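Here's the structure, in structure tokens; my notes come after.
Below, chain A is the first sequence line, B the second, and so on; all start at residue 1. Worth knowing before you read on, the calculation uses all heavy atoms, side chains too, and leaves out hydrogens, waters and symmetry mates. Just so it is clear, the model here is predicted, and its values are computed rather than measured.
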2 protein chains.
Amino acid sequence: MKISEVAEKAGLTVKAVRYYENVGLIPKPARQQNGYRSYDDSVLPILNLIHRSRAAGFSVDECRELIELFNNPARHSADVHELICQKVEAIEKQQAQLEHIKEHLIALATRCENNEKSTCSILASLTK
Amino acid sequence: MKISEVAEKAGLTVKAVRYYENVGLIPKPARQQNGYRSYDDSVLPILNLIHRSRAAGFSVDECRELIELFNNPARHSADVHELICQKVEAIEKQQAQLEHIKEHLIALATRCENNEKSTCSILASLTK
DNA sequence: CTTGACCTTACTGCAAGGGTAAGGTTTAAG
DNA sequence: CTTAAACCTTACCCTTGCAGTAAGGTCAAG
């Protein structure tokens, strides 16, 4: 398989696949005589893992941890569970922050004159 | 006022103040004979605006829009209101996305064996 | 024979500054 | 008087996760 084929099967771009290789998430593939990367199916689970966990909000470094667990036959499923739970907590923190910010903005907006005049209590509040 | 003083008054770092100058958010200040930046109080409202709107999730470019409104005596407060409301909507979109991701992760976690064995339905699900 | 679709490496760019280098200035203390 | 701390300056690299582009090699079809 050439790179565009694995990329498409995993739902990634060619660029991304090469990037993951560069940062060591996937092993360096064999090369054809012309220098083209030559993949076999064994790389697909890892690329799928990367694709899905990136979409689930994991950083590339966090993907690395997941891949290590995936590659480690002595893993405990509890360790994977732990990673997922940590991510859920991180997301909940983010959500709380966003909620905070949103409430602040809504408070500003409701105090706003919202008309054609230049007097603006939002700007007044933000600049003081 | 020297840079560290304005920075502290606005709750920003010296680095950030210089950065905002470089990208044109604040005017280039006068210089003392030794080359040090010399600020007067008129820059503080703008730095406050930047600080607070950055904290409220606005990008530097969005801050630029707010500053332009602040500097424009012919502005309409409704325009400011509009910017705030757009930001609220963007935040709500982000929240919805995070909620989506979180639910996905929780679904994975609850299906997980969560024990000392290596069998892991999370990894199975993410790699297939 | 040439066009177009692949592939390669390598460099630049994005956001929003932080970190550090290498140097000049000023001020307080010994 | 000197020195050390605490400022200030410009300028460069680092971060994240790739995308875009350059400049070139390769391969199959028309």
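Minimum heavy-atom separation, Cys120(A) to Glu113(A): CA-OE1, 3.7 Å. The two residues Tyr39(A) and Val43(A) make their nearest non-hydrogen contact at CD2-CG1, 3.9 Å. In terms of heavy atoms, Ile84(B) sits closest to Ala109(A) at CG2-CB, 4.0 Å.
Rounded to whole Å, atom P of dC7(C) lies 13 Å from atom NZ of Lys15(A). When the P atom of dA16(C) is taken as reference, atom CG of Leu12(B) falls 14 Å away, rounded to whole Å. Taking atom CZ of Arg37(B) as the reference point, atom C1' of dT25(C) lies 15 Å away to the nearest angstrom. dA10(C) atom C1' lies 11 Å from atom CG of Asn22(A), rounded to whole Å. Distance CD (Glu8(A)) to P (dC6(C)): 10 Å, rounded to an integer number of Å.
Within a heavy-atom distance below 4.0 Å of DNA chain C, the residues of residues 47-58 of chain B found are Arg54(B).
Looking at Tyr19(B) and Val14(B), their side chains never come closer than 4.5 Å, going by heavy atoms from C-beta outward. In this structure, the side chains of Ile46(A) and Leu25(A) stay at 4.5 Å or more apart for every pair of heavy atoms. Between Leu126(A) and Asn48(B) the shortest side-chain heavy-atom distance does not fall below 4.5 Å. Side-chain contact between Ser38(A) and Met1(A): absent, with no pair of heavy atoms (C-beta onward) separated by less than 4.5 Å.
One finds no side-chain N or O of Tyr36(B) lying less than 4.0 angstrom from the OP1 or OP2 phosphate oxygen of dT26(C). Close to dG18(C), at under 4.0 Å from its OP1 or OP2, lies a side-chain N or O of Thr13(B).
Where Tyr19(A) and Val14(B) each meet DNA chain D at their nearest nucleotide, the meeting point lying more 5' is that of Val14(B). Between Lys2(A) and Asp61(B), the one whose closest nucleotide on DNA chain C sits nearer the 5' end is Lys2(A).
Closest contact between the side chain of Asn34(B) and the listed nucleotides dT9(C), dG17(C), dT26(C) involves dT26(C).
Remark: Arg37(B) engages Glu21(B) in a salt bridge, criterion side-chain N to carboxylate O under 4.0 Å.
Atom CD of Glu8(A) has 12 or fewer heavy atoms from other residues, nucleotides or ligands within 6.0 Å.
Chain A approaches DNA chain D over the interval dG17(D) to dC27(D), counting the first and last nucleotide 5' to 3' with an atom under 4.0 Å from its heavy atoms.
Among the atoms of the strands shown, base atoms are found under 4.0 Å from some heavy atom of Arg18(A).
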